[in-house]
**Q** 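Have a look at this one before I ask anything.
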Amino acid sequence: MNTYTSGRLVEFIDAGKFTCAYIIDNTGSRLRLLSQNGREINLAAARILTVSTAVYSLDHARETLTAQLRETCERRRDLAESLDLRELWDIVCEEPVNEFSVAFLAEMLFGGEASDDRNSAFLRAVFADRFYFKFKAGRITVHSPEQVEQLQHQLEKEAERKQLLDDAAQAIMRIMEGEEVDEGQWPDRAKVLTWIEQTFLFGSECPEADLVRQLLKNASLTGPHDTYHLLVRAGVWPANVNIPLLRSGHPVEFNPEALEQARLLRQKSSDTLISDPKRRDLRDLPIFTIDGPDTLDFDDALHVERLDDGVLIGVHIADVTAIVAPGDPLFREARERCTSLYFPDSQVPMLPESVAHDACSLILDRDRPAISFLLQLSSEGELLRRQIVPSLIRVRRQLTYDEVDRTLDSVPELSLLNTMCQKLRTRRLHSGAVFLPMPDVNISLGDSGEIDITLSPVDTPARSLIAELMILANGVAATYLADQEAPGLFRAQGPPRKRLVRGFNDGLLDIARQRRFLSRGELLTHPKAHSGVGLPCYTTVTSPIRRFLDMVVQHQINNLIRGRGILFSQDECRNFAGSINQNLARAGIVRQQQHRYWILRYLEQKAGTRVNALVINTGPKRINLLLTDCLLDIDLPPNPSFPVDAGDTVRVNITRVNALDNTLRIEW
């Protein structure tokens with residue numbers, strides 16, 4: 001029996017390789033060795049793999065001893081490389097026992113008496129080729145045929161993985177150098193680029209994340225934005241891809257069932273629509289729309305009539321209930337999306353374009369089903385009578401906000417509407433409404449890639465007119481549901497925690513500060529006051545093409561005005577509210593993050609320059625400012641040498657901006 005005595009030649013694994021050494025001393029717990037590398041080391045006996053039967057003289061120079069060890073190691077390595085373990089495995093794999101000593105199997109393999117070199121060569125071969133045998137605790141276990149098959153399959157997969165990594169790394173480097181690499185040149189192109197995209201978006205959640213990291217490392221793509229630029233150059237993404245949208249889970253493509261329903265959709269004829277005894281024919285009314293110049297989904301229209309004792313205003317809303325039924329694929333898709341999303345370079349509609357821009361849209365000179373709010377007001381703007389009816393309408397004019405602003409005084413019905421809307425606004429102001437006309441930030445993209453930002457007021461006469469009439473109709477819808485004691489989706493908001501604005505024309509400073517003191521909005525299934533709009537109950541029903549909440553409320557009201565009773569129960573409305581809150585929060589984050597991205601892209605053009613900022617609030621540690629050309633909130637530490645007060649306009653220096661990093665550094 002071999003023992004760990006001085007002069008024995010032993011082997012152990014060092015840095016993944018078999019290493020030979022002589023035992024110099026045995027202290028009982030550890031062995032002192034001279035390795036083939038000429039180093040003396042202390043090693044636990046448990047790490048020793050083989051011990052020679054021969055005892056060697058250590059009475060030689062160290063160089064001689066290490067040369068002997070290296071020669072032995074090379075001899076055993078060469079012998080191991082000449083061995084084929086498959087033949088031995090074929091013999092022993094069917095034996096009733098599957099565990100043997102190293103010496104026994106070495107004798108079978110070599111066909112003669114085992115020796116130190118043969119035992120070592122066999123063991124080295126087992127370590128090099130792990131298909132057939134396994135070494136553990138000084139014994140050799142024979143793998144079963146099933147294990148060998150599994151290991152061979154694993155090796156093939158590893159070889160395939162290595163080949164995939166090598167091919168992909170070469171292709172990616174060519175793409176980054178500006179070459180076109182198509183599927184013919186790189187068969188795994190679509191698959192690998194999808195893995196890279198998913199890993200960029202979701203990190204370790206992607207099953208192939210480890211492979212992708214190794215691949216990018218092999219391709220020398222280790223910079224913070226290299227993956228982004230690769231996906232853009234490969235054509236997977238456009239420049240300025242909406243990364244927050246891709247990460248959010250918000251649906252971008254419509255599911256096949258919704259698209260099929262939209263494809264098969266056939267517009268009901270006017271005769272069919274008007275044959276409905278509940279639907280009123282209002283096609284003779286002088287109905288018009290007021291929208292932006294690029295609007296394609298027209299979901300509200302107006303008309304006005306002067307009466308002896310006041311005014312009749314018609315607010316006509318696209319009747320989505322005539323197209324989309326509860327529970328059908330389009331309804332389910334709208335529920336998942338919850339809202340249409342609009343970005344400077346794209347949009348993600350709630351309903352397919354063929355539905356939103358055609359079948360449901362109140363297009364000029366087309367007969368369209370609508371839900372009409374016929375609202376009689378006194379000359380002082382008091383609501384005297386209301387009627388909500390299914391209708392058939394035809395839009396006679398499609399006006400833009402700018403057209404209305406230019407012709408407001410010269411077109412009688414527009415002038416009348418403007419007068420009534422001013423009175424409605426005043427009544428709401430007296431009821432506690434909060435008016436925060438923060439300008440719209442309009443981001444436009446130039447042909448050569450430049451980004452421009454303009455601010456447009458939201459309280460122009462035309463925009464205020466539309467906003468006031470939509471609020472009026474929404475308030476009437478909420479009151480109708482409340483009077484019917486029907487569940488619905490009601491928007492509510494408590495009074496501001498502190499009131500700073502007092503009227504319609506408060507300055508930017510007060511408006512910006514007031515936003516910090518607004519109470520949180522709620523979405524409830526029962527009516528409750530909405531302080532922000534100054535109404536005792538409120539909902540939204542005027543944008544059913546763009547908002548799922550409005551679609552649900554329209555369905556509920558449509559069922560009630562037709563005498564069919566309640567369509568959605570309290571529990572169903574509660575479930576709707578839950579999904580709306582969740583999906584609107586998701587959409588809101590996408591809007592906010594992508595809006596910030598575009599503002600940062602705009603500010604990248606201004607790096608190294610000074611811009612105007614309005615001081616909003618001052619504190620001992622932070623100064624809150626608003627960049628006035630893009631309405632971006634920023635914070636800076638106080639500058640003792642440059643004291644400021646709220647309301648001051650200052651110039652700040654943009655020192656560093658990176659939209660991809662979401663970083664902005666500004667200094668006094």
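Note that these values count all heavy atoms, side chains included, but never hydrogens, waters or copies made by symmetry.
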**Q** In terms of ring plane angle, is the pair H225 and H229 parallel, tilted or perpendicular, where the classes change at 30° and 60°?
**A** perpendicular
**Q** Of all the heavy-atom pairs spanning D452 and T454, show the shortest one and how long it is.
**A** OD2-CG2, 3.8 Å
**Q** How far apart are the C-alpha atoms of R546 and T339, what are their side-chain angles, what is the distance that settles it, and do they pass the side chain to side chain donor-acceptor pair (under 3.5 Å) test?
**A** CA-CA 5 Å; R546 309 176 199 182; T339 184; over 6 Å; no
**Q** Is the number of heavy atoms from other residues, nucleotides or ligands within 6.0 Å of CZ (R651) greater than 12?
**A** yes
**Q** Is there a donor in the side chain of Q163 and an acceptor in the side chain of D167, or the other way round, less than 3.5 Å apart?
**A** yes
**Q** Keeping the roles fixed (side chain from D116, backbone from T53), state whether a donor-acceptor pair exists under 3.5 Å.
**A** yes
**Q** Atom CD1 of I654 and atom NZ of K606: how far apart are they, to the nearest 0.5 Å?
**A** 7.0 Å
**Q** Give a yes or no on whether a salt bridge exists between E11 and R76, defined as a side-chain N under 4.0 angstrom from a carboxylate O.
**A** yes
**Q** Kindly assign one of parallel, tilted or perpendicular to the pair F127 and F135, based on the angle between their ring planes and the thresholds 30° and 60°.
**A** tilted
**Q** Rounded to the nearest 0.5 Å, what's the gap from CD1 on I616 to CG on D633? Could you check?
**A** 7.0 Å
**Q** Within 45° of the six-membered ring axis of F254 and under 6.0 Å from that ring's centre, is NZ or CZ of R337 located there?
**A** yes
**Q** Below 4.0 angstrom, N of the basic side chain to O of the carboxylate: do E336 and R586 qualify?
**A** yes
**Q** Do I23 and T5 come within less than 4.5 Å of each other through their side chains, counting heavy atoms only?
**A** no
**Q** For the residue pair F576 and F548, is the inter-centroid distance of their aromatic rings smaller than 6.0 Å?
**A** yes
**Q** How about L165 and Q214: do any of their side-chain heavy atoms sit closer than 4.5 Å?
**A** yes
**Q** Does any donor atom in the side chain of T50 or R8 lie under 3.5 Å from an acceptor atom in the other side chain?
**A** no
**Q** Main chain of K191, side chain of D188: is a donor-acceptor contact present, judged purely on distance under 3.5 Å?
**A** no
**Q** Kindly indicate whether the side chain of L65, heavy atoms from C-beta on, has any atom under 4.5 Å from the side chain of Y22.
**A** yes
**Q** Using a strict threshold of under 4.0 Å (side-chain N to carboxylate O), is an ion pair present between E183 and R189?
**A** no
**Q** With no hydrogens and no angle check, do the side chains of N119 and R124 hold a donor and an acceptor under 3.5 Å apart?
**A** no
**Q** Tell me if the centroids of the rings in F200 and W195 come within less than 6.0 Å of each other.
**A** no
**Q** Are any non-hydrogen side-chain atoms of I453 and I599 less than 4.5 angstrom apart?
**A** yes
**Q** Ignoring hydrogens and geometry, is there a side-chain-to-backbone donor-acceptor pair from S52 to L9 under 3.5 Å?
**A** yes
**Q** Nearest 0.5 Å, what's the CG-CG distance between N658 and L600?
**A** 8.5 Å
**Q** Between E604 and R601, does any NZ, NE, NH1 or NH2 come within less than 4.0 Å of an OD or OE carboxylate oxygen?
**A** yes
**Q** Determine yes or no for a side-chain-to-main-chain donor-acceptor pair under 3.5 angstrom, with R30 supplying the side chain and N42 the backbone.
**A** yes
**Q** R213 and T199: side-chain donor and acceptor closer than 3.5 Å?
**A** no
**Q** side-chain contact (heavy atoms from CB on, under 4.5 Å), that's the test. Do L83 and L109 meet it? Break it down for me.
**A** CA-CA 9 Å; L83 299 179; L109 178 62; 3.8 Å; yes
**Q** Give, for atom CG of L201 and atom CZ of R247, the distance between the pair rounded to the nearest 0.5 Å.
**A** 5.5 Å
**Q** Is it true that a side-chain atom of Q36 and a backbone atom of C20 form a donor plus acceptor pair closer than 3.5 Å?
**A** yes
**Q** For a quick test of reading the model, state the closest non-hydrogen atom pair linking N653 to T609 and the distance between them.
**A** OD1-O, 3.0 Å
**Q** Indicate the atoms forming the closest heavy-atom contact of A103 with A114, along with that distance.
**A** O-CB, 3.9 Å
**Q** Is R610 atom CZ crowded by more than 12 heavy atoms from other residues, nucleotides or ligands, each under 6.0 Å away?
**A** yes
**Q** Any side-chain heavy atom of W598 within less than 4.5 Å of one from I451?
**A** yes
**Q** Please give me the minimum heavy-atom distance between L58 and S6, naming the atom from each residue.
**A** CD1-OG, 3.6 Å
**Q** Side chains of N240 and Y597: any donor to acceptor distance under 3.5 Å?
**A** yes
**Q** I want to check something: taking the side chain as every heavy atom from C-beta on, are D635 and L625 in contact at a cut-off of under 4.5 Å?
**A** no
**Q** Do H250 and L341 come close enough that some side-chain heavy atom pair is under 4.5 Å?
**A** yes
**Q** Do N583 side-chain atoms and R335 backbone N/O form a donor-acceptor pair below 3.5 Å?
**A** yes
**Q** So, for A169 and N218, which heavy atoms are closest and what is the spacing to 0.1 Å?
**A** CB-CB, 4.0 Å
**Q** Does the side chain of Y132 come within less than 4.5 Å of V142's, by heavy atoms?
**A** no
**Q** Do you know the tightest heavy-atom contact between Q185 and R174?
**A** NE2-NH2, 3.2 Å
**Q** I would like to know whether L193 and I196 meet side-chain contact (heavy atoms from CB on, under 4.5 Å); could you show each step before the answer?
**A** CA-CA 5 Å; L193 289 176; I196 293 172; 4.2 Å; yes
**Q** Strictly by modelled atom types, are S641 and N639 linked by a side-chain donor-acceptor pair under 3.5 Å?
**A** yes
**Q** Is any NZ, NE, NH1 or NH2 atom of the basic residue among K134 and E99 found under 4.0 Å from an Asp or Glu carboxylate oxygen of the other?
**A** no
**Q** Going from CG on L151 to CZ on R130, what distance comes out if it is rounded to the nearest 0.5 angstrom?
**A** 10.5 Å
**Q** Dump the intermediate steps for side-chain contact (heavy atoms from CB on, under 4.5 Å) on V590 and V348, then the final yes or no.
**A** CA-CA 11 Å; V590 172; V348 183; over 6 Å; no
**Q** Hey, is E260 close enough to R263 for a salt bridge, meaning N to O under 4.0 Å?
**A** yes
**Q** Are R161 and D166 close enough for a salt bridge, meaning some N to O gap below 4.0 Å?
**A** no
**Q** Where the side chain of W668 meets the backbone of L636, is there a donor-acceptor pair that is under 3.5 Å apart?
**A** no
**Q** Just by distance, no angles: are the side chains of Q170 and W186 close enough, under 3.5 Å, to form a donor-acceptor pair?
**A** no
